[in-house]
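Proteins get letters first, then strands, A, B, ... in listed order; numbering begins at 1 in each.
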Amino acid sequence: MSEEHEGRLERLSGMLKRRGFLLPAFEIHGGAKGLYDFGPVGGRMRSRINQVWLDHWLKLGNIVEISSPTVTPYSVLEASGHVGEFSDFMTLCRSCEEASRADTLLEPHHPNPDALKRSELQDLLDEVNPACPACQAKDWSEVSAQNLMFNTTIGAGDSGRPGFLRPETAQGMFTSFNALYRHFRERLPFGAVQVGKGYRNEIAPRQGMIRLREFNMAELEYFINPHTPAEADLTPWDDHPLTLIPDGTSEVLLTLSDATHQGIIRHPTIAQFIGITYDFLAHVGIDTARLRFRQHESDEMAHYALDCWDAEIEGSYGWIECVGIAHRGCYDLESHEKATGKTLRARREFDEPRTTTIDAWTINGATAGPAFKAQAGMVKQAVEALPKETPFPCTVSLSDGTSVEVGEEHVKPNQKTIKETGEWYIPHVIEPAFGIDRIIWHVLDHSYQEVTKNDEMYVRMELSDTVAPVDYAVFPLFEKDGMDQKAWKLHQQLCQTLGVVSMYDGSGSIGRRYARADEIGVPKCITIDHQSLEDGTVTIRDRDTTEQVRISMESLLQSA
RNA sequence: GCGAGCGUAGUGUAGUGGUUAUCACCGGGCGUUGCCAACGCCUGAACCCGGGUUCGAGUCCCGGCGCUCGCACCA
């Protein structure tokens, strides 16, 4: 990073703090690492970006929005794998006090130490006793788990049970699957989105908004039927190829259709979601020349993932992953099924009903029950496995290892035809997960323009109209002769218009007020001057061109 | 978590252990000004927190918190 760029980053951060976009949280108490406030300007921008994000996905027509708690019981995150996945097992060198990850130390001695439980790691560590990478000593403390989730207790005292603040919003969509399935009249594909906070107790938060302990995220869980041919309309993106970095290779410029036909993108829905992600990022003001999609290498992906692409955006901190689009297979629903014993499945009907004909033996409950008592169930299982030709009486071996003599009176012919018209299957999931804070950061970074005006540096935030925190700034040319009252009234009328945010500024010279508005990216400045008092017209000045046009207040209010 | 550097008004900064802590931009008020950070006058605002050394600490020492960078970690 050049010095010029570092200076720019410092000036940008200073401006964001000074003007109320982003501020370190709880600063008067000394601050708190990895926690930020969206200020009086940034707060509005955040909610607009959240709304634009929702709008983009709701367009699909089969998406609903839900909201689940951030406080999450232990068992939910145990089932999802987070209790295991989000823990690092640490051990301290007793000689130099350097902390090391136990699995990293043991890598040369085990094919996959990352998968070991704490006690197994402890045993292996005791057995191998590797040298400390820092001081070469061989004296390790007990292995302890450092979990990256925030612990909490749900409920007070003895009735409390352990829980966590959620590390992602996704689990709420999975645990709500059955309600979603009913809502969509049991027809796939469908999706649920959630925009909200996630929490990770990062060991070392860094780089401002890039790694936070509490962050805004927006996720879609899109449930699909893996038995139907995957298809998606990729033609909307045929006229602009995207920068892709396929698994283990270098950048290529390809349309989503081509990348899918060539098998680079392994599922058309992934390709479609990459396209929607591209549209969303462009819409909120990301410079698409500094956007690329990188495919995870197979050893980088979670074991259950079938394909995964990250949207990476280049900014002051280099290329940063801001979106992950993953084909998660049936992993999540299956995990919650196993943990709870509940069914999280969808029904599909076969093209042709499948019939199975059985023509063999089963037990006669009236006689076999009293005869075999507790073993009757096992006898039934064993008898039903026997071929039709079996003569009775006959000795059968049971699954508990014992054998019993089954007589003719204990059995009866079992003849039936089972017709199955369909089956229950676990849907597959495609998950686009957005780090909203990282995206907001890059929107700000890409919008921030330092230009020269009258030989001085002049700052302008070229935010798109859709995400600008303020739509209109209203200025009286001077705060006298009734221009101030008229300007204030227009400001109020604008604020009363649904979805419009106006800001009144009557302090300092008119040029200073334009400069202040430009710095927070207000697209249009309206000035009430002497002529306004006479004919009800105002000037509207465009942020980027500084051109002014005069229109009537009436038509302004109608078009706002 | 380890190591190094840093922490002074809203922002950016100056400050040999010794006056009322510097400067600029900034914010507010009044005046002036017929549209792009104009001008004049007035005014507001800071030594991260806690100990210690000293007659005296923004300055030196220790601890904490925070920030930046590197290692480690994470996505």
Who passes ring pair (Phe, Tyr, Trp, His ring centres under 6.0 Å) against Tyr514(A), sequence neighbours left out?
-> Phe475(A)
Gln548(A) has its side chain closest, among C36(B), G66(B), G34(B), to C36(B)
Gly506(A) near the nucleic acid: base, sugar-phosphate alone, or nothing, with a heavy-atom cut-off under 4.0 Å?
-> nothing
Could you go over nucleotides 4-11 of chain B and give all protein N or O partners under 3.5 Å, atom names and distances?
| from | atom 1 | to | atom 2 | distance (Å) |
| --- | --- | --- | --- | --- |
| U11(B) | OP1 | Lys17(A) | NZ | 2.8 |

Could you state the CG-P distance from Leu148(A) to A72(B), rounded to the nearest angstrom?
-> 17 Å
Report yes if at least one side-chain N or O of Arg516(A) is closer than 4.0 Å to OP1 or OP2 of C36(B); otherwise report no.
-> no
Could you tell me the separation between the CG atom of Asn454(A) and the C1' atom of C35(B), rounded to a whole number of Å?
-> 14 Å
Could you tell me whether Phe478(A) contacts a base, only the sugar-phosphate backbone, or nothing, with contacts defined as non-hydrogen atoms closer than 4.0 Å?
-> base
Arg513(A) has an atom CZ; how far is it from atom P of G28(B), in whole Å?
-> 11 Å
Quick one: which of C67(B), C35(B), C26(B) gets closest to the side chain of Thr527(A)?
-> C35(B)
Please determine, for the side chain of Ser509(A), which listed nucleotide (A37(B), A75(B), C35(B)) has the closest atom?
-> A37(B)
Nearest-neighbour nucleotide for the Asp529(A) side chain, G66(B), C35(B), C36(B) considered | C35(B)
Across the strands shown, which category fits Arg200(A) at heavy-atom distances under 4.0 angstrom: base, sugar-phosphate, nothing?
-> sugar-phosphate
Just how far, in rounded Å, is P of G34(B) from CZ of Arg550(A)?
-> 15 Å
